[in-house]
Amino acid sequence: MVLFLNVLERPVPVDGQPVDPDLRKTWGWWKVKKWTVHILNRLFTSISKISMYNLLQPRLEVILFEIVFPLMCFNDNDQKLWDEDPHEYVRKGYDIIEDLYSPRTASMDFVS
C-alpha cells in the first residue's frame with residue numbers, strides 16, 4: 001500500500017513532458033499514476049473501509065487535492081469539446097463504456 005502511495009506522491013518530471021494534454025495521457029509517468037489510482041480503487045473495494053482509511057489518512061490531502069480533484073474538474077479539453085460539439089460532450093458524460101476507462105469516473109468512485 002505504501003508503495004502505491006509513494007508512486008502517487010512522486011512529482012512528475014517536467015523535462016520531456018508533452019505539451020499537448022492528449023499526448024500526456026500516453027506518457028509513461030502519467031500512465032503509472034493512472035494505473036496506480038485504478039489499483040488503489042480496486043484494493044479499496046476488496047479491503048475494509050476502516051483499515052484503508054487508516055492507511056490513506058496521513059496522505060489523504062495530497063491524494064484528494066493534488067490528484068483526484070484535478071481529474072474531476074472541468075478542464076480545457078472539456079471546454080473545447082463543449083464549444084465544438086455540445087451533444088458529444090453530453091453523450092460522453094452518460095456513456096457507460098466511456099466510464100469504464102475514464103480517470104474522472106475512477107476519481108469519483110474513489111471519493112464516494
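For this chain, numbers begin at 1 and follow the sequence in order.
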Does [atom1] belonging to [X] count more than 12 external heavy atoms closer than 6.0 Å?
X   : atom1 : result
R42 : CZ    : no
D83 : CG    : yes
F65 : CZ    : no

Give the C-alpha distance, both sets of side-chain angles, the deciding distance and a yes or no for side chain to side chain contact (heavy atoms under 4.5 Å, CB included) between I63 and V37. CA-CA 10 Å; I63 292 170; V37 170; over 6 Å; no
Taking all non-hydrogen atoms of both residues into account, name the closest pair between [X] and [Y] and its distance.
X   : Y    : result
L56 : F110 : CD1-CZ, 3.8 Å
V12 : Q17  : CG1-NE2, 4.0 Å
K33 : L8   : NZ-O, 2.6 Å
P13 : W27  : O-CH2, 3.3 Å
D78 : N75  : N-OD1, 2.9 Å

Answer yes if [X] and [Y] sit in the same cluster of Ile, Leu, Val, Met, Phe, Trp and Tyr residues linked by side chain heavy atoms under 4.5 Å apart, and no otherwise.
X    : Y    : answer
F74  : Y94  : yes
L5   : V111 : yes
M108 : L64  : yes
V32  : L71  : no
Y53  : L55  : yes

What distance do [X] atom [atom1] and [Y] atom [atom2] have between them, rounded to the nearest 0.5 Å?
X   : Y    : atom1 : atom2 : value
L60 : Q57  : CG    : CD    : 6.5 Å
M72 : S102 : CE    : OG    : 10.5 Å
H87 : W82  : NE2   : CH2   : 9.0 Å
I67 : R59  : CD1   : CZ    : 11.5 Å
D99 : K92  : CG    : NZ    : 11.0 Å
I96 : T105 : CD1   : OG1   : 11.0 Å

Within the side chain of R104, is there an N or O that forms a donor-acceptor pair under 3.5 Å with the backbone of C73? yes
Ignoring hydrogens and angles, tell me if any N or O in the side chain of D85 forms a donor-acceptor pair with the backbone of L81 under 3.5 Å. no
